[in-house]
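Take a look at the structure set out below.
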Amino acid sequence: MSSTKARILEVAAELVANSPDGDVSTRAVCEAAGVGAPALYRHFGDKEGLLSAVVDHGYEKYLTTKRSRRPGTDPIQDLRDGWDTHTDFALRNPNLYRLMNSPAMRTPPAAALESHRILTADLRRAAEQGKLRLAPELAAQMIMSANVGVSLMLVSRPTTFTDETLSRRIRDAVHAVVFTPEAMGPETTSAGDEETGAEDEETGAEDVLPATATHLAALLRRTPRPDFTPGESALLGEWLDRLSNTTPE
């Protein structure tokens, strides 16, 4: 990266962080960086390109910790920790986080896409251990949308969303839908046994089929069977994905 581009990026990131509403003008960035508008547009294309680069620049430190993290033996704990670090990053960088998830950003920043890929990879590990109720790709969409939603509320409306346990409560509620009861721990299956036992027996079969299909699909993707042709493997994968994402009637 050239020194001019780096200077523009550093200045823009500082202006975004200190802005009352998280927005900056290209004129303000040029003045603070001591460059002309042509230099900014040459390096970043337009304002959206500049802001997208600011997001990637600010999010890089957060992603560095996730890239360097060695997967633990329990993917569920890794996913809990991932949710918490995501929320913590939002709270420490409110303007950057709002910018990252702004509808005005027509092209998702590379940092957001990489974060989603890391989440999906952790969920695939959970699926390989038989701990997931549904396909990793759908589970990633559910978890990411909930995590981003609660984080945006915490940074955008802090006077309304004041409960410090809110993020963890929503995390556990979403995880209870995504993971099998066994993966969530005994506390999720023991409370209220007398009242809910019959209902659990009726819904058990509905829960087992998607979880079993998800587990089998993950194992087949990790270790493809030589017994099947590529076409047969693709068709089996499609069928298992459909079963994984089946919703109860």
Side-chain angles (χ1 to χ4, degrees), residues 1-71 78-79 81-123 137 140-141 143-161 166-167:
M1 182 184 298
S2 69
S3 59
T4 300
K5 183 176 182 179
R7 184 167 71 255
I8 294 172
L9 194 54
E10 290 288 348
V11 166
E14 184 177 355
L15 291 176
V16 166
N18 296 325
S19 169
D21 59 2
D23 192 22
V24 295
S25 68
T26 54
R27 175 179 294 181
V29 173
C30 289
E31 290 178 354
V35 299
L40 186 150
Y41 293 122
R42 182 172 64 255
H43 287 295
F44 299 100
D46 55 17
K47 180 179 177 179
E48 182 179 337
L50 172 63
L51 294 180
S52 183
V54 167
V55 168
D56 288 334
H57 174 72
Y59 211 50
E60 180 64 24
K61 186 177 295 185
Y62 167 68
L63 284 179
T64 298
T65 64
K66 296 182 78 69
R67 294 189 198 108
S68 61
R69 172 182 57 83
R70 298 183 63 180
D78 288 345
L79 287 157
D81 294 342
W83 177 295
D84 293 342
T85 56
H86 183 117
T87 304
D88 181 65
F89 174 82
L91 292 172
R92 288 186 291 105
N93 304 273
N95 283 350
L96 182 66
Y97 192 79
R98 283 194 294 266
L99 178 61
M100 182 176 183
N101 294 283
S102 170
M105 301 288 285
R106 295 187 299 273
T107 302
L113 298 176
E114 183 175 355
S115 180
H116 194 91
R117 285 194 294 269
I118 293 172
L119 169 62
T120 304
D122 283 341
L123 286 163
E137 293 75 18
Q141 293 177 38
I143 291 175
M144 185 62 77
S145 59
N147 202 173
V148 171
V150 69
S151 297
L152 281 174
M153 290 299 97
L154 290 172
V155 301
S156 301
R157 302 178 185 175
T159 59
T160 300
F161 295 86
L166 179 64
S167 178

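Between D56 and S52, the closest side-chain pair of non-hydrogen atoms falls below 4.5 Å. Contact annotation: the side chain of D23 never approaches that of N95 to less than 4.5 Å [non-hydrogen atoms, C-beta and beyond]. With contacts defined as side-chain heavy-atom distances shorter than 4.5 Å, the pair V150/W83 qualifies. For the pair L51 and E48, the minimum side-chain heavy-atom distance is 4.5 Å or more. Counting heavy atoms from C-beta outward, V55 and V16 have side chains that stay 4.5 Å or more apart. Put simply, the side chain of N93 does not reach to within 4.5 Å of the side chain of Y59, judged on heavy atoms. In this structure, the side chains of V148 and H86 come closer than 4.5 Å at one or more pairs of heavy atoms.
Note that the NZ atom of K47 and the CZ atom of R27 stand 12.0 Å from one another [nearest 0.5 Å]. Rounded to the nearest 0.5 Å, atoms OG (S2) and CD1 (I8) are 7.5 Å apart. Taken to the nearest 0.5 Å, the OG atom of S19 stands 12.5 Å off from the CG atom of L96. Rounding to the nearest 0.5 angstrom, the gap separating the OG atom in S151 from the CZ atom in R98 is 12.0 Å. To the nearest 0.5 Å, atoms OG1 (T26) and CD (E31) are separated by 10.0 Å. In this structure, Y97 OH and L99 CG are separated by 12.5 Å, a value rounded to the nearest 0.5 Å.
Shown here for L40 and L50, the closest heavy-atom pair between the two residues is CD1-CD2, 3.9 Å. When all heavy atoms of A37 and C30 are compared, the pair lying nearest together is CA-SG, 3.7 Å. The two residues G49 and D46 make their nearest non-hydrogen contact at N-OD1, 2.7 Å. The minimum heavy-atom distance linking A140 with T120 is given by the pair CB-OG1, 3.4 Å. Contact detail for G34 and R7: the closest heavy-atom pair is O-NH2, 4.5 Å. Between N147 and G82 the shortest heavy-atom distance is OD1-O, 4.5 Å.
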### Steps toward side-chain contact (heavy atoms from CB on, under 4.5 Å) verdict (V54, L15)
CA-CA 10 Å; V54 167; L15 291 176; over 6 Å; no
### Message
Show, in sequence, the C-alpha distance, side-chain angles and deciding distance for R42 and K5, and conclude whether the side-chain contact (heavy atoms from CB on, under 4.5 Å) test is met.
### Response
CA-CA 9 Å; R42 182 172 64 255; K5 183 176 182 179; over 6 Å; no
### Task
With side-chain contact (heavy atoms from CB on, under 4.5 Å) as the test, would you mind laying out the steps for L123 and I143 before giving the verdict?
CA-CA 10 Å; L123 286 163; I143 291 175; 3.9 Å; yes
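Heavy atoms from other residues, nucleotides or ligands lying under 6.0 Å from CD of E14 number 12 at most.
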